[in-house]
Undergrad: 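Pasting a structure below so you can have a look.
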Protein chains: 4
Amino acid sequence: MRSDRIARILEAAAAVFAECGFERAKMDDIAERAGVAKGTIYYHFQGKDDLFCALIADVVQRLMDRWDEAARAASDPVERLRHRIEALARFLLANRRFAVMLLAEAWGNETRQQVFRAHVRELIGALERVIREGAEAGAFAVREADTAAAALFGAVSVAVLHAVFAGEPVDEERLVAQIVDQAVQGILPRG
Amino acid sequence: MRSDRIARILEAAAAVFAECGFERAKMDDIAERAGVAKGTIYYHFQGKDDLFCALIADVVQRLMDRWDEAARAASDPVERLRHRIEALARFLLANRRFAVMLLAEAWGNETRQQVFRAHVRELIGALERVIREGAEAGAFAVREADTAAAALFGAVSVAVLHAVFAGEPVDEERLVAQIVDQAVQGILPRG
Amino acid sequence: MRSDRIARILEAAAAVFAECGFERAKMDDIAERAGVAKGTIYYHFQGKDDLFCALIADVVQRLMDRWDEAARAASDPVERLRHRIEALARFLLANRRFAVMLLAEAWGNETRQQVFRAHVRELIGALERVIREGAEAGAFAVREADTAAAALFGAVSVAVLHAVFAGEPVDEERLVAQIVDQAVQGILPRG
Amino acid sequence: MRSDRIARILEAAAAVFAECGFERAKMDDIAERAGVAKGTIYYHFQGKDDLFCALIADVVQRLMDRWDEAARAASDPVERLRHRIEALARFLLANRRFAVMLLAEAWGNETRQQVFRAHVRELIGALERVIREGAEAGAFAVREADTAAAALFGAVSVAVLHAVFAGEPVDEERLVAQIVDQAVQGILPRG
DNA sequence: AATGAATGAGGCTTCATTCAT
DNA sequence: AATGAATGAAGCCTCATTCAT
């Protein structure tokens, strides 16, 4: 059973990392927000990088769990993809801070960035599998499932962030619906 | 006519900012790479933030110029959008460092991030205009042109970065072709 | 009970600030002189300005305490003023470094200078009160107690510094005696 | 005939040095204020210190000239001292910036401070001579003319600065009158 | 005589990490 | 398990001075 303190630290880390980005995030701020002494973080985590990676793993796992639920809800490949896209959009809307980190902290050659990218790859890989299955069943027309999955992932992420940072209040249902439709159908009118 | 030195500084800044991210980028490194003394940068730019913003404006302008050329090449809305997507994909492939910054440095509330976001908005706005025109002509079926544009932008960016960071050599023509097709047509087979 | 380290830092700061002036004083030197790491100063004080202000407050408080003792020693206004002048002169002789700062760092519009000036005002105000009481009792003939107090303050300070910087050894008793006499009696022979 | 440019530089230097203090004064600001290029200052002066010393010499000379005029106006020692005190007070009021420098930049062991102090010593010496003459004539009762002169000098300077920095508008005539009276007579009522 | 772009040494400050308690 | 005072390497920026023109 993970100590309550660790949970508090992770929660604080999520808030601070997302608000400031990895580099500007201060261990002092995380400690203060978590209500623990700075040394306590170092007692439970190796350092800033380790804390970051633990946090990422934690959040990605939660998203993966959602996707597993969504997967069980539909057997049709198209429906399954719709479910994943929708779950992703809703997750990013609910965890906007994480959405920022997803785009901001995954590129580069620092160890933590490589670790993060591996997680993103897992996520894109999960999308890719659905696309590949659908393609084999003739439900999707894509050349490279990998690139298609990455593109979908990017479409959802940037659409969400673009809406969130627009300044106006976000109509979530409407936004999710459009993202899902467009992601699956494209923008050309169906014949 | 901008001095040669300023051009050298901007070039060095592009390399270093993209390689390390804004925070980890060192003014010392930029100066060394540019072959100028540290103080010289400060003679021409207010500071790190100003240098960053100047760089961004410079690169965005170059992309916009490409888009303007691409726009003149096609009058059909669908073709025009294809041209823009293609130009964007090629530009990001040719300026991978900028592609990273595009996703990594545009979110947050620092002044430079707001400035960057304003530029991204310009770019997405340019896409949006094409989509809107096409939608009015019945060529596109989208609900919100703004969201659609953001999604396309994200799809291209992440697809490119995903491919670039995959470790394997990138077949650019193939990648661009798929990105363009999928961005415009979606992934469902046409009826 | 203020940590020993803080006291050591304040002591070192007093020496370095007085020796070099605020601007030329180096935090490195203060740290070295205090026998602490540079970061330690910043753990206890916000920065150079804050350290300076804390130091000033500390020294002014010590002078005020001396004056309070001196005040209890005499009930006659003339005697009380003599005591204050004497205490001031002795204090400045014993804290020559502070005497320099008193004249050198109190004028200007930097925040720290305004803070310093407020302290100087306190000191002059304390003198002024004695003068005003004495004037009401008919013991002093002054027009503006405020200006009179400032003048006395300046007379003592500059006389002390002038003697200290003259290069010759200072006969403290003789100097104090003359300063006190002249401050209270003026330079015209008594009728 | 000193070039007009040199005069403009000195004037600008006076303003900037007084406003910011020697250390914070920037050669750039002086150049801009003087309406010349930065290099021009270095063409006419060795450097910042040299510029400062030239400025000081210039101002002190002007004060000395005033004193010489004042001296010719009165043969009685008491009157002559009154004249000097009054001239000093008026001069400092009219050159408040210089008054600040007088107290702020004359103490310390930098070369320019020693030079400045030598000038201050000249001024105090001029006062001292009047006092000494008066004392020999029995007009003044002082032990050490040197200390008495320094005290008078400090009294006038601090009284003026105290009034100037008080924030309220200064009634110059009233202020000068009180300073002169008190400086010469002291604060005890005459028997 | 005058210019102003370029320089680079030097200083303040930040903050991840350590360790004695 | 937890603390928080202390550390010191590292980085941004300033500004007096130089020098080619």
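A note on names: the letters A, B, ... follow the listed sequences, proteins ahead of strands, and every chain is numbered from 1. Just so we're clear, the structure is a prediction, and the values are computed from it rather than from any experiment.
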Undergrad: Using a cut-off of under 3.5 Å, enumerate the N/O to N/O pairs linking the protein to nucleotides 14-17 of chain E.
TA:
unit_1, atom_1, unit_2, atom_2, d
E/dC15, OP2, A/Lys26, NZ, 3.4
E/dA16, OP1, A/Ala25, O, 3.0
E/dA16, OP1, A/Lys48, NZ, 3.1
E/dA16, OP2, A/Met27, N, 2.8
E/dT17, OP2, A/Tyr42, OH, 3.0
E/dT17, OP2, A/Lys48, N, 2.9
E/dT17, O4, A/Lys38, NZ, 2.8

Undergrad: May I ask you to test the D/Leu161-D/Leu103 pair for a side-chain heavy-atom distance under 4.5 Å?
TA: yes
Undergrad: For B/Phe165, enumerate each residue passing the ring-ring contact (aromatic ring centres under 6.0 Å, His included) test, keeping only those at least two apart in sequence or located in another chain.
TA: A/Trp107
Undergrad: Does DNA chain F take part in any stems of at least 3 consecutive Watson-Crick or G-U pairs (both distances under 3.5 Å), and if so, which ones?
TA: E:2-21 with F:2-21
Undergrad: Holding to side-chain hydrogen bond (donor to acceptor under 3.5 Å, both in side chains), I want the full list of residues that pass it with D/Glu122, two or more places apart in sequence or in another chain.
TA: D/His119
Undergrad: Using whole Å, report how far CZ of B/Phe52 lies from P of F/dC12.
TA: 14 Å
Undergrad: Nearest whole angstrom, please: distance from the C1' of F/dG11 to the CD of B/Glu32.
TA: 15 Å
Undergrad: Under a plain distance cut-off of 3.5 Å, with no hydrogens placed, do A/Asp65 and A/Gln61 share a side-chain donor-acceptor pair?
TA: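 Yes, side-chain donor-acceptor contact under 3.5 Å.
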Undergrad: Tell me the closest heavy-atom pair linking B/Ala106 and B/Arg117, and the distance in Å.
TA: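 Heavy atoms only, the tightest pair is O-CD, 3.0 Å.
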Undergrad: Restricting to ring-ring contact (aromatic ring centres under 6.0 Å, His included), what partner residues turn up for C/Phe52, sequence neighbours left out?
TA: C/Phe17, C/Phe22, C/Phe116
Undergrad: Output the rounded distance in Å from CD1 (C/Ile41) to P (E/dG11).
TA: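 That distance rounds to 14 Å.
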Undergrad: Flag the pair A/Arg97 and A/Glu105 as a salt bridge only when some basic side-chain nitrogen lies within less than 4.0 angstrom of an acidic carboxylate oxygen.
TA: no
Undergrad: What's the CD1-P distance between A/Ile30 and F/dG4, to the nearest Å?
TA: 17 Å
Undergrad: Could you tell me whether the phosphate oxygens of F/dT3, OP1 or OP2, come under 4.0 Å of any side-chain nitrogen or oxygen in A/Arg5?
TA: yes
Undergrad: Going by atom type alone, with no hydrogens or angles, which donor-acceptor pairs under 3.5 Å involve a side-chain atom of residues 29-47 of chain A and a protein atom two or more places apart or on another chain?
TA:
unit_1, atom_1, unit_2, atom_2, d
A/Lys38, NZ, A/Asp28, OD1, 3.2
A/Lys38, NZ, A/Asp28, OD2, 3.2
A/Thr40, OG1, A/Ala37, O, 3.3

Undergrad: Whole angstroms only, please: what is the CD1-P distance between D/Ile9 and E/dT3?
TA: 9 Å
